[in-house]
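Remarks on the structure that follows.
A note on names: the letters A, B, ... follow the listed sequences, proteins ahead of strands, and every chain is numbered from 1.
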Amino acid sequence: MKLKRAFYTRDVLIVANELLGKVLVKKDGRKLFSGRIVEVEAYDGRTDQAAHTYIGKTKRNEIMFNEGGYLYVYLSYGVHYCCNVVTGTKGIGTAVLIRALEPLEGVNMMIRNRFDKNKLVGKELKQLTNGPGKVCKSFGIGKNHSGVDLTKDKIYLENALLKKNEEIGVSKRIGITKSVHLPWRFFIKNNPYLSGY
DNA sequence: CCACGGATTGGCT
DNA sequence: GCCAATCCGTGGA
């Protein structure tokens with residue numbers, strides 16, 4: 001079952017925790033991609049200097065000020081796209097970065113999108129979606145998907161539960177230079193598809 | 001107008 | 001482990 005608006009309009013830290021185990025789905029005509037969320041980070045423009053919304057509303061970050069349940073996509077280092085789930089109520093400026101997935105459906109198309117070839121060698125399956133840029137590249141998510149409504153059919157999340165033996169881990173966020181101390185990275189402990197940290 | 005740097009990745013030393 | 005790639009938002013002159 002697809003997650004509804006009310007799931008997303010809550011506090012960013014609650015949504016970040018509950019996104020673990022949920023399934024990201026992208027339907028692109030006949031192509032279907034899906035993967036289980038195993039690693040996320042919360043960003044809160046009200047208090048968090050690392051958030052794109054900390055400086056207030058601009059053209060770049062305006063999607064992040066929507067009410068919860070929209071996709072915010074940005075270009076990182078001029079090279080990689082990263083996607084976020086907008087959370088909270090309208091005008092707040094909070095979102096959850098999807099950092100890693102466990103691939104489920106559409107793996108062959110993910111391989112083509114990401115490595116430009118048809119077969120994996122060695123440990124490449126675990127490197128398919130174990131980072132925020134890799135997730136977007138595999139799924140074919142780009143700037144044109146920024147602002148997509150996650151309660152519609154193009155990109156959405158399916159409800160799912162963590163498995164019995166799975167526990168949530170917490171740490172500082174990766175790769176930022178401001179507000180580095182905030183423990184706002186959440187992940188499924190021991191999952192093989194976590195980003196390389 | 002120009003300079004700077006960043007929520008990353010992968011290739012090379 | 002180090003660092004280039006490569007774009008563009010942002011802020012100061």
So which protein N/O to nucleotides 9-11 of chain C N/O distances come out below 3.5 Å?
residue : atom : partner : partner atom : Å
C:dT10  : OP1  : A:Thr58 : OG1          : 2.8
C:dT10  : OP2  : A:Thr58 : OG1          : 3.3

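- Just one residue in the list A:Leu128, A:Val23, A:Ile37 forms a side-chain contact (heavy atoms from CB on, under 4.5 Å) with A:Leu101, and that residue is A:Ile37.
- Inspection of the A:His52 and A:Tyr72 side chains reveals an N or O donor paired with an N or O acceptor under 3.5 Å.
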Under the 3.5 Å Watson-Crick or G-U criterion, the dot-bracket string of DNA chain C, with | for inter-strand pairs: |||||.||||||.
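- In this structure, A:Arg5 pairs ionically with A:Asp149, as a charged nitrogen and a carboxylate oxygen lie closer than 4.0 Å.
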Footprint string (nucleotides 8-13 of chain B, 5' to 3'): B base within contact, S backbone only, - free, heavy atoms under 4.0 Å: BSS---
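- The cationic group of A:Lys26 does not satisfy the cation-pi geometry with A:Phe139, failing either the under 6.0 Å distance to the six-membered ring centre or the 45° limit from the ring axis.
- Side-chain contact check for A:Glu18 versus A:Asn159: every heavy-atom pair is 4.5 Å or farther apart.
- The number of heavy-atom neighbours closer than 6.0 Å to CG of A:Asn165, taken from other residues, nucleotides and ligands shown, is above 12.
- Partner of A:Val25 under the side-chain contact (heavy atoms from CB on, under 4.5 Å) criterion, out of A:Leu32, A:Ile155, A:Asp153: A:Leu32 alone.
- With values rounded to the nearest 0.5 angstrom, A:Glu41 atom CD is found 4.5 Å from A:Arg99 atom CZ.
- Remark: A:Arg173 is positioned above the aromatic ring of A:Tyr43, its terminal NZ or CZ atom under 6.0 angstrom from the ring centre and at most 45 degrees off the axis.
- Going from atom CD of A:Glu39 over to atom C1' of B:dA7 covers 12 Å, rounded to whole Å.
- Taking the C1' atom of each, B:dG10 and C:dC8 are spaced 22 Å apart, rounded to whole Å.
- Between the side chains of A:Asn130 and A:Lys126, no donor N or O sits under 3.5 Å from an acceptor N or O.
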